[in-house]
2 protein chains.
Amino acid sequence: MEANQGHLSRQSGPTDFLARLSSADARDLVAASQRKLFAKNEFIFKAGDPGRHVYFLQQGRVKICQPAQEGKDVILWFCFAGDMFGMAEVARGGGRVVHAQACEASEVLVLSQTELTDYLKTHSAAALLIMQILADRLRALGDVVVNLINDDAQTRIIKLILRLATRYGVRVDQDIHLNVQLTHQEIADMVGTTRQTVTSVLSQLQRQGLMRLENRRIRIESMELLDGMTNPT
Amino acid sequence: MEANQGHLSRQSGPTDFLARLSSADARDLVAASQRKLFAKNEFIFKAGDPGRHVYFLQQGRVKICQPAQEGKDVILWFCFAGDMFGMAEVARGGGRVVHAQACEASEVLVLSQTELTDYLKTHSAAALLIMQILADRLRALGDVVVNLINDDAQTRIIKLILRLATRYGVRVDQDIHLNVQLTHQEIADMVGTTRQTVTSVLSQLQRQGLMRLENRRIRIESMELLDGMTNPT
DNA sequence: TTCCGAATGTCGGCTGGCCGACAGACAGAG
DNA sequence: CTCTGTCTGTCGGCCAGCCGACATTCGGAA
């Protein structure tokens, strides 16, 4: 019954895997999976580990990070409650190429590769949904590539903020509140720049009155003005 | 019968979609699709077009290119005979975000989104294969991101050459022949640098005896030495 | 074979932001 | 409340490669 409690207490969002399945399909998937807890900063898996399970995040936040052979690791994305992760290596075989680390205490449903394959044989809607999610991530990474090539660091940071705000922002009065705590280093690792540059850009945006930071949470005062800064005149 | 002739005349490769399905699954897919020819430089689809078909390249070469709002378009990858493309927008819905352009006269099998959805309901092995391919592409793009952030332009160019050689190279005596004609601009658009920088790097690699160009085709004289140049001492 | 558009070779000025470093602030654990 | 590890703020030297430009070469169509 614990798995179902986790299911019921979770907030539903647009990337919420289980909520986008039919009740029967979701029930079958939950029944086939196991619930696991991870402490803050604990690795759910690391690059090099066998890729034998897929995960559905019920509560918490998980950072998906691709290490470089030499150089800076790159944060590819964060997973929030409802998100699926760990699917790519399960689908393509081979070991993990990314780390998945809990940014806060997190609860996940875990499904083994074998169980998943069996499940998908009789649940074609779920297979289509997985394809959608993989395709969404392809698009997101394609955008990251194009931005890395074409945009300066400030533009990349602003675009990241806008993306996060669009996806996870909450309107409070005139502002958009982004209730995710991100360090400057994390922002840097997402847009491929240095922590010092992020610090400098955020400081500038705050001086210009476009946003402010409260306890490492971003408060956007004008999405329109911010967006305007990403387009050349 | 023409569709089947195309099928039989194609060379089989590791990314070859149809060859990796069972005969029955492949036959059903071919039966549901239509054959189309595209002339060199013709667009199969462009960014902004509706994403209503998925394509299986039978012959030829197709460039998948993501345009930037402002700035340089980025070549995400080339598709070769056997490759599937156009799946992402079919899976996730919405219009195309990339262009697909034939680099040479090309023949494709075309399957509509509706037919694909129906097909996948009764062919779960194909759904798994599509998931694999999408996951492979995710990995490829993840690597591109990490390389853009961490590597200098020379390293990125060398890594691209090694990747292409590993995938599409043919051993001839001591050399590896890459039988794909690539302009310096195309290489630049794949690794996010300028044409001039590519010219300069390739010139240097040739002077060092690591590779040579014949009719715009790369001939690698030492994979090991090239690979050694991508790791710092 | 000829011709021409595209591709390649070359050059040097300029700059965004990396880098290493250090000091001060602060969030959160105990 | 205290303490400490992490995070943020600041600084200035340095350089990879972008950029614009122009000349030469070359592949492929006619």
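In what follows, chains carry the letters A, B, and so on, assigned in the order in which the sequence lines appear, proteins first and then strands, with residues in each chain numbered from 1. Note that the coordinates shown come from a computational prediction; the quantities given were computed from them, not determined experimentally.
- Residue-level contact check: B:Thr193 touches the backbone only, with heavy atoms under 4.0 Å from sugar-phosphate atoms and none from bases.
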Show your working on side-chain contact (heavy atoms from CB on, under 4.5 Å) between A:Val62 and A:Phe78 and close with a plain yes or no.
CA-CA 6 Å; A:Val62 171; A:Phe78 288 98; over 6 Å; no
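- Of all nucleotides listed (C:dA21, C:dT8, C:dT10), C:dT10 comes nearest to the side chain of B:Gln196.
- Legend: residues meeting salt bridge (Lys or Arg N to Asp or Glu O under 4.0 Å) with B:Asp227, ordered by chain and number and at least two apart, are absent.
- Side-chain contact of A:Thr199 with A:His184: a donor-acceptor pair under 3.5 Å is present, judged by distance alone.
- As rounded to whole Å, 18 Å separates atom C1' of C:dC18 from atom CD of A:Glu70.
- From the 5' end on, the contacts that DNA chain D makes with chain B at under 4.0 Å to a non-hydrogen atom open and close at D:dG17 to D:dG28.
- Rounded to whole Å, atom C1' of C:dA6 lies 12 Å from atom CG of B:Asn41.
- Note that the two end axes of the helix from C:dT1-D:dA30 to C:dG30-D:dC1 enclose an angle of 70°, each drawn from 5 base pairs, rounded to 10 degrees.
- Among residue pairs with one or both ends in residues 200-209 of chain B, those qualifying as side chain to side chain donor-acceptor pair (under 3.5 Å) are B:Ser203-B:Arg207; sequence neighbours excluded.
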Stepwise side-chain contact (heavy atoms from CB on, under 4.5 Å) check, A:Met190 with A:Ile157:
CA-CA 9 Å; A:Met190 292 179 86; A:Ile157 292 165; over 6 Å; no
Contact pattern, 5' to 3', of nucleotides 22-30 of chain C - B, S or - by protein heavy atom under 4.0 Å:
-----S---
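- With contacts defined as side-chain heavy-atom distances shorter than 4.5 Å, the pair B:Glu186/B:Ile75 qualifies.
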Could you please spell out the steps behind the ring-ring contact (aromatic ring centres under 6.0 Å, His included) verdict for B:Phe45 and B:Tyr55?
CA-CA 10 Å; B:Phe45 55 78; B:Tyr55 302 85; 5.6 Å; yes
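- Applying a 4.0 Å cut-off to non-hydrogen atoms, none of the residues of residues 148-155 of chain A approaches DNA chain D.
- The pair A:Glu221-A:Arg219 does not count as a salt bridge, with every side-chain nitrogen at least 4.0 angstrom from each carboxylate oxygen.
- In this structure, B:Val146 and A:Ala68 approach most closely via the heavy-atom pair CG1-CB, 3.6 Å.
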